Every structure is written in C-alpha cells, then in structure tokens.
4 protein chains.
Amino acid sequence: MSAEQSPDPAEEPARRGRPRSEASRLKVLTAAARLMVEGGFEHLTVEGIAAEAGVAKQTVYRWWGSKADVVVETIADGHLPTPVEGPEDTGDLRADVRAWLEEIFGAVELGDTSRLVRALLAALASASETAAAINAALIEPIQEGLRERFVLEAQRRPGALPSDPGFLADTVGASVLLHIMLGDPLEQQWMQQLLDLVAPAGSRLD
Amino acid sequence: MSAEQSPDPAEEPARRGRPRSEASRLKVLTAAARLMVEGGFEHLTVEGIAAEAGVAKQTVYRWWGSKADVVVETIADGHLPTPVEGPEDTGDLRADVRAWLEEIFGAVELGDTSRLVRALLAALASASETAAAINAALIEPIQEGLRERFVLEAQRRPGALPSDPGFLADTVGASVLLHIMLGDPLEQQWMQQLLDLVAPAGSRLD
Amino acid sequence: MSAEQSPDPAEEPARRGRPRSEASRLKVLTAAARLMVEGGFEHLTVEGIAAEAGVAKQTVYRWWGSKADVVVETIADGHLPTPVEGPEDTGDLRADVRAWLEEIFGAVELGDTSRLVRALLAALASASETAAAINAALIEPIQEGLRERFVLEAQRRPGALPSDPGFLADTVGASVLLHIMLGDPLEQQWMQQLLDLVAPAGSRLD
Amino acid sequence: MSAEQSPDPAEEPARRGRPRSEASRLKVLTAAARLMVEGGFEHLTVEGIAAEAGVAKQTVYRWWGSKADVVVETIADGHLPTPVEGPEDTGDLRADVRAWLEEIFGAVELGDTSRLVRALLAALASASETAAAINAALIEPIQEGLRERFVLEAQRRPGALPSDPGFLADTVGASVLLHIMLGDPLEQQWMQQLLDLVAPAGSRLD
DNA sequence: TGATAATCGAGACGGTACGTCCAGTCTTCTC
DNA sequence: GAGAAGACTGGACGTACCGTCTCGATTATCA
C-alpha cells in the first residue's frame, strides 16, 4: 500500500496516455473534507463528493474504491483538520498533558472535531481493509504526539514515568479517543486520574 | 427509548386491538443476531432482517426506529454473545486479568467477536443518538466487569491498586476495545505493561 | 403472454399486499407517449419516463422489463396515436386504398408518425423477445385493417382480388412500412403500381 | 458522407503529416464485423470495436462519426456476409425465386443472418441520418438482385411479369425483409402466394 | 355476539445512492 | 500530423434499501 511508487524514477519511465489530473484529485479531496465536516461520514456519498467537486463520478471510482478510501486520503493529505497535535513542552509534563486534554475536549465541544472523530471511527469500523490506513491517519498521530512528549520527559527525568512512554501513549490515547467517541465531556476527576497515570502527582496540587 | 414500558401496569389498562406479537419480536431479534454475525452491522438491512425473520418490514418499523435500535435490543436481550464477562476471581488479580485478556483476544482471533465489536462501534459511530444505548450494551458491561474485579481487589488488599478501580477499568477497557477495533493481535509486551498498570509486578515473574 | 389473467376470477382470488397503482401505470404510459413523440425511441430513457411520470424508477422496472416493453404497452393501450386504421369502405377498393395511402404518408410527412414508426421498428429490432409484442401492436393492426377491407371486397365481388386477402394485406403492409421506415415520400408511380396489385386497373383512370 | 474521397487527385495535394493507416482502418472494420455477428448492433460499442481492433478509440472517432457509420462501411467493404445475392438464373423464374427464398430463410434459421438483418434495421431505425446509407448497404442490394432477375425475365418473356420489375422487386424485398425482421419461418403457403405474385402459376405444380 | 381497533403478512410506492458502462472529448507521448 | 494510450465529463443503466403506504386477514377488548 505504501510503496506503489518506485524509488528509482527510471523504473517508471513513460506512463502513457493522458496523465492523471492532479486538479481533479485535489477537488475531490477538498470536497470530501468540506462535506465531511458538514454532515459526517454517514451522510457522505460518492455522488455528493463528485458533484461538490465538479467531477464525474467515474473519476472518483477510477482512483478510489470507496468513500472510506477517499476519506483516508483526505486525512492523509491534511485536508481535514487533524484533531490534535501532541502536547506542548513547557517542562511540566502534568501541566502539558492537562492543557492538551483541555484543548482536545474544548475542540470537541465546539463541534466539528467530535463529528470528525466519530466519522473516522465509522469509516474504520465499516471498512476493515482500511483499518490500518485510518489508524495511521487518526490514531497513530495522536499517540505519536503523546509518545514524543513522554520520551522527552523520560530523557529529562529518568525514572519519572511510571512505565514505558509508548505504552503510556497507547493507553492514554485509547482512553481519550473512546471518551470522545462517546461524546463524554471532560470530567475533572477523570482527568486528574489520567494525569496521575502519566505523572504521579507527588505533592503537587492541580 | 428506555421507558416504553410503564412500571405500574395499572397505567396501561388493557390496550385494545391485537396485542404485539412476542413471537415476531423474538424472530426479529434472533434474525438480527444471525445476520449481524454473518455480515456485520454495515451489511445489515432492515429488509434483510424482516425477510430473515419472516416478518413484514412494517413490523420492524412499528417497534424499532432504526436498525441500530434493533441491534441494541438484540444485545440487551442477550441474543448476541456479549463479547466478555469480567475477569474471574482466583485471588491473583494479575493472573486473572491476564487470563481475561487472553480469552478476549482468543475469541477475536477465532472470528466473530472482532466483527461484532467493530459492528457495534460502527453502530455507535453512525447513530449518535444511540451512542448511549450501545455504550450501555457493549462498553459499560466490559468496564463494569473489570471494575468489579478491581473493587474486590481493593477491598481485599487495600492500597494494592495504583489508582481508583473505576478509573482503571475505564482505562484498561478503552485500551482493549481500541486494540480489538484495530484488529491488533495480543502482544506479550503490551499485555505485560497493561498488567503492570493494574497490578504492579513486584517480584513476580509472568 | 396473452393469457395472464384467468377467465375465471375465482382462480386469482386474493392478491396480497398493496395492489398495483393504476394511477402510476397510466402516468408511466402517458409520459412515455409524450416523450416518444418528442424525441423518438432512441432518446427515450427509463429515467426520463420515470421523471416525467413523477414515479420512482423502480416502479417502472417492477412492471416493465425494458423501455421497449413500456412502449409496447403504451401503444397497446392506445396512448400513442396508432399510425393507421384500415382503409374506409366507400365501395371502391382502389379509391379506398389510395386514400388510405395518402392519409398515412401525409401523417408521416407531417412529422410524428414517421418518428413513431421508426421508433417502433427500432424497439422491435433491438428486443427480439418483444418482437411479437410490437408486431402485435404496430404491424398486425395495419395488416389486419387492410385484410378486413380486402375480405369485404372479396365477398362483394368474388374473383376481383388477384390473390388471397391475407397475403395481399401482408405484402402491401410490409411495403408501406418499409417505405415509411426509410422516410420515402409517396411517389405517384409506386402508388399506382401498388393499387394495380390489389385492384387491377381495368379501364379505370386514376 | 458518400463523397469523402475526391475523384480528382489533384484536388487533394499531398496532405501533410502521417497518412491515414490503412491497417487501422481494416482492423476496425473486421473487428466491427466480428462483434456485429457475435452480439448484434445493440451490443456493439465503439469502445468494444477499438479494443477488439487494438486501436485507439480516438482513431475510430477521427474517421467515423458513429458506430452506424462504421457498420455501413463494414458492409460496403464486404466484411460482413451480405445476406443475399439476387436469385440465380436457371431460366425458370418461379423456381429461381423459390430457391432464393429458401436460401435466405435457411440462412436466417441457421443463425447469424437474422441477427445481422435485425442489427442493420436497428441501425437504420436508430440513426435516421444513416438511413440512406443502410438502405444502400442492405436493402437496395437485395432489391437490386431481385430486379435484375425480373428484368431478365421481362426481356426473355415480354408480358410474363404481372407488373414493373422494379416495383415487384421493391414489394417482394420489403415483404421478405419484414418477415425476417419478425423472425418468421418460411411458410409454404406464403411462399406459394409470393411466387404467384411474381410468376403467375399457370398450370404449374410446385 | 358483534362492532371496534390495533397488529400481522405482504408488497407496491416515491426516493436516494449505489457501482458500472459507454459516449465523446481531451491530453500526453511516440512514430 | 496520425496513432496508441488512457483520463476526463456526462449521463443512463439496472439494483438495493430506505421509510411510508395500502391491502386483506387476524386477534384481541368492549358494548
């Protein structure tokens, strides 16, 4: 899936026929992004995408096998506001993760993000063959962002983390995603406990 | 949705007309269960359920508003093998959770469970109004099973748990669900770390 | 094909389900007639018929297998101006057939009839399974009209016809249809010869 | 359409660029003939022709305006077995026409010819602008074949024919074509009557 | 006991979207 | 320039389900 293009351009020297229109590709992806934000994955239709993009339906089917495929590429290409970056680094892991959580749940409450996450999970659930792709597009970035911050912390303060940074990122990411999926608000107690998980409180007061 | 039947039978004093057929209700639910296991939520259709059940489509629409509603009741009524119970209690929390994880991922690898979980999450994702219902049908039972075991442990060995039983159950449950959703296999290292999370290893060797 | 309805109504006692909508049937047929006259069989589409009729496409496909089937029933039901009746009977066969020819070719030149005939022949040619139906709807009526007039003549003046009335009707009908199909105008000489075929001129002057 | 090639070569003074490929032209025509016999005019597509011929679709469109045009040229070039020649001349007109009819209807029953005739009539009916071309390719040859035989007869036995040879050819041809179009078998009685039409039986026994 | 009323099966209805096919046109590189 | 390749817009195809709507038949309560 990831290695369709040859590293050596000499191997694919002269594709014949009219080349694929990059303009059409972009029109499809931006249209999909637009409609995704408006109506979610469930109300997304291939016909709708084609119409919004001003493109023939066949052009969509020529390059993508399903709307899930379109959505995946839409995200991978960054046409949808990927819900999150990892936490900032101010030196205080606990505060950083706290701010990150508040930012995410804030975005969710504001609207689009929740629908987006739900849409992506729907895409994931409905197209098992694209599970890996959506995982790569949605979930891994979040967990990777977390992991980077955790690794930083581990380097800075060896022994400060209660367990492996990767595992922590995996766990915290899963927890956050599921709560977003269920539309849960950010509860103070839950957040405290999550913070304790990644950065045992010691004597701090939050 | 949840309060259709009145607690006081005197309030619903012998409705006139032909009463609802319990037989049809059951035929619908078992048909839905059958089709769910075969094709997943995405390939489930109201027409298919009605046909499989030998029931008129209108009968489905009369009593359920959508296929998600049917699925929810199917699970609630126990016609679908709910993926998991909580862990057993043998006195050794770590061993219990370990066995529980192996059982779950074993079932997933065997086949139907993965599709089922994915189907339910799809239902959840596609029908926000039923999110609570599916949460209640799928996620809470898992987390509740975990919580009960954790509470037991906390009572038995105060201070043994690194954090609140409810929070632990929430976290572990989310992590497990997401991994199932993604079709991940059970990795030894990940499991060890998860076990460390709920039952710090001490000197034990697994 | 011709005997779907039972002569004994007791044999088809209780069709279940919602009965077929006669209104929809008529809307489809009149819409088809309208579009047929406007654009001919080639530009006729099932989608167009459905839209013009204000009917779901599936309703067309439920009752007719193709646009040819719709057209056949449209004619059979008399929603299209059947190109011709047989010749009148004024007592003078030659004059009657002459008038008949002029009427037909007049209609053709005026416009719609030619397109109609061509359309029907196209339908016939494109759908061999409906050949019989279109034959029954278009060709046989013409030949039957001719035959009736010829039979009348044969009864009135035994020996006046040069050959069997049925055969004469077949031959003349075929000739006329093919000329219409080709868009030929009515040539005087050809007509004279055709008239001679059915009613040898004797001493008459036309 | 009929005068693409100039009679005077001086008028077309050495066109520049690559000359038209005769090989491609032939590949298209033979491919069209092949597909025509297989599936009839209705299933014939320009894309199919191009693919079967190993030629770019554009090459077809460059030189022919429609699939009907291709078919016409296919016939004109003799790549399709033109259904019939005129009747042989053995001196006995009645026997000759009889043999001719039996040959034609025999070919029809054997298979391809009927489809072919139907296909051509469909082409004719669906593309009014090519009516003349198909008339020239299919109908006129038949009628011309008949006419020649009739003319011969008229020269040999003046007064033997009941009417003008051209008219007879027109009438008989139309009748035969329509019967083929309808898939009718060759009926003895009809044939006898047709023979009577062109060669009054006198005392003969067939 | 018969009228009333709601459910049941069946299945047709207006719709929306599907995924495919083909028409004709356009764009690129090669001969 | 012709030609092969093949992507492009456009539009109809025939199918699958949606959720709604009659039907006749059934099964209860109520008068």
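Just so we're on the same page: letters track the sequence lines, and every chain starts at 1. Computed from a prediction, not measured in an experiment: that's the story for all the values here.
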C:Lys27 bridged to C:Glu52 by N-O distance under 4.0 Å |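 Salt bridge absent between C:Lys27 and C:Glu52.
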What does A:Gly48 touch in the nucleic acid at a heavy-atom separation under 4.0 angstrom: a base, only the sugar-phosphate, or nothing?
->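 The residue A:Gly48 makes no contact with any strand.
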So what does D:Thr45 hit on the nucleic acid, given a heavy-atom distance under 4.0 Å: a base, only sugar-phosphate, or nothing?
->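 Since only primed, P, OP1 and OP2 atoms lie under 4.0 Å of D:Thr45, the category is sugar-phosphate.
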Send over the distance from [X] [atom1] to [N] [atom2], rounded to a whole Å.
{"X": "B:Glu22", "N": "F:dT27", "atom1": "CD", "atom2": "P", "result": "17 Å"}
{"X": "D:Leu26", "N": "F:dG3", "atom1": "CG", "atom2": "P", "result": "12 Å"}
{"X": "C:His43", "N": "F:dC13", "atom1": "NE2", "atom2": "P", "result": "13 Å"}
{"X": "B:Trp64", "N": "F:dC18", "atom1": "CH2", "atom2": "C1'", "result": "18 Å"}
{"X": "B:Arg25", "N": "E:dA6", "atom1": "CZ", "atom2": "P", "result": "22 Å"}
{"X": "C:Ile49", "N": "F:dG14", "atom1": "CD1", "atom2": "P", "result": "11 Å"}
{"X": "D:Trp63", "N": "E:dG24", "atom1": "CH2", "atom2": "C1'", "result": "18 Å"}
{"X": "A:Tyr61", "N": "F:dT9", "atom1": "OH", "atom2": "C1'", "result": "16 Å"}

Donor-acceptor contact present, side-chain D:Thr59 to main-chain D:Val55, <3.5 Å =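 Flag not set: sc D:Thr59 to bb D:Val55 has no pair under 3.5 Å.
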Side chain of A:Thr30, backbone of A:Leu26: donor and acceptor closer than 3.5 Å?
->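 Present.
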From the options E:dT20, E:dA10, F:dT9, select the nucleotide whose nearest atom is closest to the side chain of B:Ala56.
->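 So the nucleotide nearest the side chain must be E:dA10.
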Of the candidate nucleotides F:dC8, F:dG3, F:dC13, which contains the atom at the shortest distance from the side chain of C:Val46?
->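 That would be F:dC13.
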Between A:Ser24 and D:Ser21, just flag the one whose closest nucleotide in DNA chain F comes earlier from the 5' side.
->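 Looking at DNA chain F, the more 5' nearest nucleotide goes with D:Ser21.
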First encountered from the 5' end of DNA chain F, between C:Glu47 and A:Arg20 |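 Between the two, 5'-proximity favours A:Arg20.
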How far apart are the C-alpha atoms of B:Met36 and B:Val71, what are their side-chain angles, what is the distance that settles it, and do they pass the side chain to side chain contact (heavy atoms under 4.5 Å, CB included) test?
-> CA-CA 8 Å; B:Met36 191 79 171; B:Val71 169; 3.8 Å; yes
Mark yes or no for a side-chain to base donor-acceptor pair under 3.5 Å between [X] and [N], with no hydrogen or angle criteria applied.
{"X": "D:Lys57", "N": "E:dG24", "answer": "yes"}
{"X": "B:Arg18", "N": "F:dT26", "answer": "yes"}
{"X": "B:Gln58", "N": "F:dC21", "answer": "yes"}
{"X": "C:Arg16", "N": "F:dC23", "answer": "no"}

A:Leu44 or B:Pro19, whichever maps to the more 5' nucleotide of DNA chain E =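 Mapping each residue to its closest nucleotide by heavy atoms, the 5'-most match is B:Pro19.
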Select from D:Lys67 and B:Val55 the residue whose nearest nucleotide in DNA chain E is closer to the 5' end of that strand.
->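 The residue mapped nearer the 5' terminus is B:Val55.
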Distance test, side-chain N/O of B:Thr59 to OP1/OP2 of E:dG9, below 4.0 Å =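 Yes, B:Thr59 has a side-chain N/O under 4.0 Å of OP1/OP2 on E:dG9.
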Looking only at non-hydrogen atoms, find the nearest pair between D:Lys67 and D:Leu44 and report the distance.
->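 Looks like NZ-O, 3.0 Å.
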Is the shortest heavy-atom distance from the side chain of D:Trp64 to the side chain of D:Arg25 under 4.5 Å?
->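 The answer is yes, as the side chains (C-beta and beyond) meet within the 4.5 Å cut-off.
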